[in-house]
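Just so you know, these numbers come straight off a predicted model, no measurement behind them. Quick note on labels: first sequence line is chain A, next is B, and so on, each numbered from 1.
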Amino acid sequence: MSTYAKKQGFGATLWDYLTTVDHKKIAILYLIAGGVFFVLGGLEAMFIRIQLAIPNNDFVSAGFYNEILTMHGTTMIFLAAMPLVFAMMNAVVPLQIGARDVAFPFLNSLGFWLFFFGGLFLNLSWFMGGAPDAGWTSYASLSLHSPGHGVDFYILGLQISGLGTLIAGINFLATIINMRTPGMTYMRMPLFTWSTFVVSALILFAFPPLTVGLVLLMFDRMFGSNFFDVAAGGNTIIWEHLFWIFGHPEVYILILPAFGIFSEILATFSRKRLFGYSSMVFATVLIGFLGFMVWAHHMFTVGLGPIANAIFAVATMAIAVPTGIKIFNWLLTMWGGSVKFTVPMLYAVAFIPSFTMGGVTGIMNAVAPADYIFHDTYFVVAHFHYVIVGGVVFGLLAGVTFYWPKMFGTMLNETLGKISFWTFLIGFHLTFFIQHFLGLMGMPRRIFTFLDNQGLNTGNMISTVGAFFMAFAVIVLVINIIITSVKNVKVGNDPWGDGRTLEWAISSPPPYYNFKQLPLVRGLDAYWVEKMDGKTEMTPAEPLGDIHMPNSSILPLTTSLGLFVAAFGALYNMDDDKTWTVPVIIIGLLITLGSMLIRSIKDDHGYHIHKEELTDDHDKGVKA
Amino acid sequence: MKRKLHKWRLLPLLGILTFVLSGCGMASLSALRPAGEVAQTQYNLMMLSTIIMVLVVIVVTILFLIVIFRFRRKKGDDTIPKQVEGSHKLEVIWTVIPIVLLIILTIPTVKVTFDLADTKAMDQKDKEGKTKDALVVNVRANLYWWEFEYPDLGVITSQDLVVPTNEKVYFNLVASDVKHSFWVPAAGGKMDTNTDNPNQFYLEFDSQKANEAEDLFYGKCAELCGPSHALMDFKVVAKSKDEFNTWAKEMKAASEPVVEGSLAKQGEEIFNQSCIGCHAVTPNDSRPETARQAPNLATFGERERIAGVLDHTEENLKKWLEDPEVYKPGNTMTGTYGELSDGQINALTAYLMQLKVEEK
Amino acid sequence: MQMDQKFTDTTWPAAPEKATLEGKNKYLGFWLFLGGETVLFASLFATYLALKDKVPNADAALAKDIFDLPLTFVATMLLLTSSLTSVYAMYHMKNHDFKRMQAWLVVTVLLGAGFLGLEIYEFNHYVHEFHHTFTSSAFGSAFYTLVGFHGAHVAFGLLWITSLMLRNAGRGLNLYNAPKFYVASLYWHFIDVVWVFIFTVVYLMGMVG
Amino acid sequence: MVNERLNSANPSFDLKYRRKKNAEEMKHQVITFAMMIFFTLIAFAAVGFDFSKWFIKPVILLLAVVQVIFQLYYFMHMKHKGHNTIALFLFSGLAVGLLTVLTFLTIVWW
Ligand code: HEA
Ligand code: HEA
Ligand SMILES: [Cu+2]
């Protein structure tokens, strides 16, 4: 396995990535796939904004608009934001806790491929008779009513990729609980690791309700059951609850990792330890906890009654407290620090007021009677883009720039980065600030057009112009990535110079076994502690010895591929005129079950890197 | 870069200002111009929360500006700042103050939530089973059209909701196909029309505010319901109590429409052959809900809009009859009748435009 | 250390399922999975409770009409006993007694299969006797989904345990497969836990009305 | 990875001790099982004898909860040390699940 250092042909590299179980390569896979889906979702957003630029526009048709709208929301949440979050987690968390890999390398790869094929499946709907068109929430009465197969693509695609997400969540939990290096106690874990931990727990408890909801919807649409058929005793509110029991924790699944990334960046570029570390940890846990008790704030107008509305309103508002604690701790982290405005830091800094603006409109939404006004208007659209773009997307852009050298060993261009940052920031506020007012002035969301003379023209135009700024910023970012990759100037362990945590103690990118010897952690910000003691390396916690590594495998890919194939069969099975569907289902399931069978029958003990090999390659070696 | 940042902070403020000046949208549509008690209550609550939120944003912004300007790293500065762990005093402050702010917000929130849910007046029935002192409207939302039934008056309208001003109007809300949501932005928040159980709430229309809006409010569907969700508009006609009573009486008394002119008569015949199965032309339609598959056309000639969205002209009506799919994709009328010749369309138009109940 | 190293009774560790890092991870990961499964089944229970006895017309079968006490009792006894037998299997695993472990697992599988057989008979009975089907009412959909999901878990557990036994029949116990056996038995207990709630909430409370 | 053997220096002594402990534990398991069967019998009998449903429902629910605790703590060994994290996650899942059930019993129909 010392082939690592050798130059490889394209085919070999491809095969390497298709079969990899290395968390660092899986991170890159997530990054690429998530990035592509982000651009796709962004393109859909541009279609939305172009259509809404002027009244009575006919850039896209009504039905097509609903497809774009649904796919924009679904793609952005499930196929762009989540995988990009996973990219960051995979790239960073094992390094931050000083582990050689995650707890289940094989499952890690399986999780990625499930997500990937689920996303691919969902997007193939564009070419196979139309995309889902019932909104990313797919409320039951409409999603049952929706003709064609769009909603079926939604159901099966999300089911497959959701499975991948669940696996990834369990994997990170086990990794963080079991794989920490000696000295890395819970209260010494970097905040990004902490938020990964909490987020994984949220995934573990939030995805099963979605799974159940999707199963019920699938049964209703494909097998004639009556969960949501009122005439046969069904109830559509069940779907709404199941969806939001998942849906609200989901938004914290997105934002908490961003919070974690910002905590790392703000401390790093202020050259100061995170202010109020323990209350930050506490706040993270509390947000995760409260996140499960507020879902019905999406359903204030459903008619649940004043008691339920009041309870959920108050519970929702409570989340302002731990979030506020975080905001002020970040500000105080910079207070008295030595603040350097690199590109990641710019995003982190801009995040604070932007997210606060989105957060406070969230609290306004939580005021139930006021939400009767806001609900399903552009006010809500403004709220959630402020928290999602101003929080999650800023967090991902910051994280990707910050960890780019750690993932690829080379630095993104700072000037281009700053151009991206400023245009994105301006475009973002231009697009979404005005939408608060559009909503209040009577513009519902999810409308494919609006009539002239309703006072909505100017606002919509401004919003569209802003979106073009964001598109420009993204294009500059892509150019930046291309230029950087072509130049490929290599950097050292700690390219930002102010690294505090373990990941900066090893080379960029790290060797495939991460740490030659597991490092000994002596405090919060382990690497910083050593630096302040005048050392340049971590003290090892174990003697140099053989390292046990997992084998690569193509089985995760084939397992997922089988489900992908079977899903096509299942989807068309409800059409009476198609006879090929049952064989396709069977073939697909055979591929999946066969792969699983091989996995369980073939013993996979992994292999060992021998001590001697480790001492050989000095330049690749770990400073551990 | 310093100055650029500064300018950017001012942008939102400028934005607010322009909007305050431009009058916050139209009186007939905007939630920023509340036109009744319910809307006013909600508006007040919104303003209270806005003030608190602006306060929070200002505090955060001030701290933010201080931090990013005061603590910049100078070029070549290699000093290590003091590694502060935290501060209990500060932590307590920024935990307690938000809690206080939230308590200020929760109290009216809870109170108003219960107040607005008070529809007890709807249950007070007299001997004949009619509601005692309240006007009740049964709203039934259908794929892209609205039906308004006044159960105690025995009257049904579609697309145009007629309400008296200065009194509470109570609503029973249901949907007959997929979920919709009933919203008159100027008069108050929305309430979903579910397919499962009926919802109840009330609105109030202030006569003076109604005057400002020329007695006409815009209503919208606020829940995605299919391709033409954006076009599922309706109108609310506000009348003084007296006018409303007169209107109700006329509606109740209205019998089969009588039209004039041979073209219209011809239209009537066509209508009775192909349209009457779904559309009724008298406001006192006694068929059950499931039979009422299309808007009641008794007052079609008096409508504000054709199909809820097109201007009320003969031209538009003809276009609509020719191919409704163009104007409301996915509507349930498309394909229910054969191809109509130009002559037939003209005849139908003449007939329909004469369907009036008031001011004959 | 080699993963397929041979052990004697004395070298066999006290907690073989957690003796290696892989084993520890597997053990923890599986418990976490069960935490997720708890939410999954809770959602199904919640749906069932919301839709219980919700039928389109007055003559459709309701819960109190269809359930049968003796049948449910026998099924319950089979599954509960299988939980004990799988504890026996793990007891022998800890004692490094492969043969006895396999024997108890066989008993477990047989009991589980008996349970599954009864369930199939039961469903068949409802369909033909009461026209209570998956598509006849919301109640029917919810009932078959909840109980069927559990049944599917039982079926999967049977396949899992059987294939583990077959695969390892020739090799005996080692630290690579001990965690696998252990985790499978945890799964089996979990199925039992779910069943306790199903027979209580669905059957017994259904019969009470 | 290092194999953390819990055994002491004297393997045969160790073995005897461990066997005894395992056997003892197994005895506890059988007792637990007997009690579970007993609870099940009570639950079925309560329904069979047709008491008031206001009596039966809480009782059989309680019996179910006790049974499940037996399963978790004895059969699934949660009573052993080192199960804190596991218990945390299991009970969090249970809490989310119970909240769901409560919701579906109260605000799904109105
Ligand atoms: C990353 C995503 C994200 C995040 C973090 C949030 C955060 C919050 N959200 Fe948001 N939300 C969404 C994504 C998100 N939301 C999405 C996608 C939707 C729409 C879904 C759809 O319908 O399609 C939505 C919709 C939504 C609604 C439903 C609106 C409607 O449809 O009618 C509500 C209602 O309560 C709400 C509330 C909140 C609250 C209270 C927070 C809080 O967590 C915010 C807390 C933060 C702060 C408050 C700021 C910082 C705090 C301080 C500086 C302290 C002092 C503050 C005070 C005293 C107020 N959100
Ligand atoms: C992570 C979540 C996320 C993100 C990042 C975004 C990002 C954006 N979203 Fe949105 N959005 C949602 C989640 C998200 N969104 C959800 C959940 C909904 C609700 C859906 C529903 O109602 O069901 C929604 C709905 C929604 C609406 C409301 C539609 C309606 O109700 O009718 C609008 C309208 O303006 C909008 C706009 C935008 C814009 C302009 C961006 C921008 O920030 C996007 C910026 C990115 C780009 C602009 C990329 C540009 C790339 C290119 C142009 C290609 C360049 C090509 C190469 C270099 C090859 N989104
Ligand atoms: Cu929410």
With respect to chain B, which residue among [options] yields the maximal number of heavy-atom pairs within a distance under 4.5 Å?
options	result
G337(A), G63(A), A370(A)	G337(A)
T137(A), T356(A), T361(A), N309(A)	T356(A)
I311(A), N453(A), I447(A), L456(A)	I447(A)
W330(A), Y277(A), Y372(A)	Y372(A)
H375(A), R445(A), E67(A), M443(A)	H375(A)

What class does the angle between the rings of [X] and [Y] fall in, given that below 30° is parallel, 30 to 60° is tilted and above 60° is perpendicular?
X	Y	answer
F71(B)	W335(A)	tilted
H429(A)	Y386(A)	perpendicular
F182(B)	F201(B)	perpendicular

Among the listed options [options], the residue most often paired with chain A at heavy-atom distances under 4.5 Å:
options	value
D177(B), D233(B), T50(B), I52(B)	T50(B)
H229(B), E85(B), R70(B)	E85(B)
L143(B), N197(B), V84(B), V112(B)	V84(B)
N44(B), T41(B), L173(B), T109(B)	T109(B)
V309(B), V110(B), V60(B), L48(B)	V60(B)
P98(B), S87(B), G330(B), S181(B)	S87(B)

Heavy-atom contact with chain A under 4.5 Å, split by part of [X]:
X	result
K82(B)	backbone
A230(B)	both
D196(B)	both
L101(B)	neither
L116(B)	side chain
Q200(B)	neither

Report task. Could you give me the CA-CA distance, side-chain angles and deciding distance for N329(A) and S279(A), then say whether side-chain hydrogen bond (donor to acceptor under 3.5 Å, both in side chains) is met? Result -> CA-CA 9 Å; N329(A) 274 317; S279(A) 67; 3.2 Å; yes

Using heavy-atom distances under 4.5 Å, tell me whether [X] contacts chain B through its side chain, its backbone, both, or neither.
X	result
V230(A)	side chain
I327(A)	side chain
M299(A)	neither
L451(A)	side chain
S270(A)	backbone
A134(A)	backbone
A368(A)	both
L331(A)	both
D133(A)	backbone
D525(A)	neither
F269(A)	backbone

Requested in this report: Please determine, by modelled atom types, if N331(B) and T334(B) share a side-chain donor-acceptor pair under 3.5 angstrom.
Outcome: yes

Can you name the nearest heavy-atom pair linking [X] to [Y], along with the distance?
X	Y	answer
F312(A)	H297(A)	CB-N, 4.4 Å
F421(A)	L346(A)	CE1-O, 3.4 Å
T301(A)	D371(A)	CG2-O, 4.4 Å

Report summary line: Only residue of N57(A), T70(A), V60(A) satisfying side-chain contact (heavy atoms from CB on, under 4.5 Å) with Y65(A) is V60(A)

Query raised in the report: Does T316(A) reach the main-chain N or O of A366(A) with its side chain, forming a donor-acceptor pair under 3.5 Å?
Result: no

Requested in this report: Would you confirm whether the ring centroid of F379(A) sits within less than 6.0 angstrom of the ring centroid of H436(A)?
Outcome: yes

Query raised in the report: Is the ring centre of W239(A) less than 6.0 Å from the ring centre of Y139(A)?
Result: no

Query - salt_bridge(K190(B), D376(A)) N-O dist < 4.0 Å - result: no

Query raised in the report: Would the number of heavy atoms belonging to other residues, nucleotides or ligands and lying under 6.0 Å from CD1 of I307(A) be above 12?
Result: no

Report task. Take T195(B) and V174(B) through the side chain to side chain contact (heavy atoms under 4.5 Å, CB included) test and state the conclusion after the steps. Result -> CA-CA 6 Å; T195(B) 50; V174(B) 280; over 6 Å; no

Report task. Would you please test D77(B) and R271(A) for salt bridge (Lys or Arg N to Asp or Glu O under 4.0 Å) and show each step? Result -> CA-CA 11 Å; D77(B) 177 5; R271(A) 276 196 186 150; 5.3 Å; no

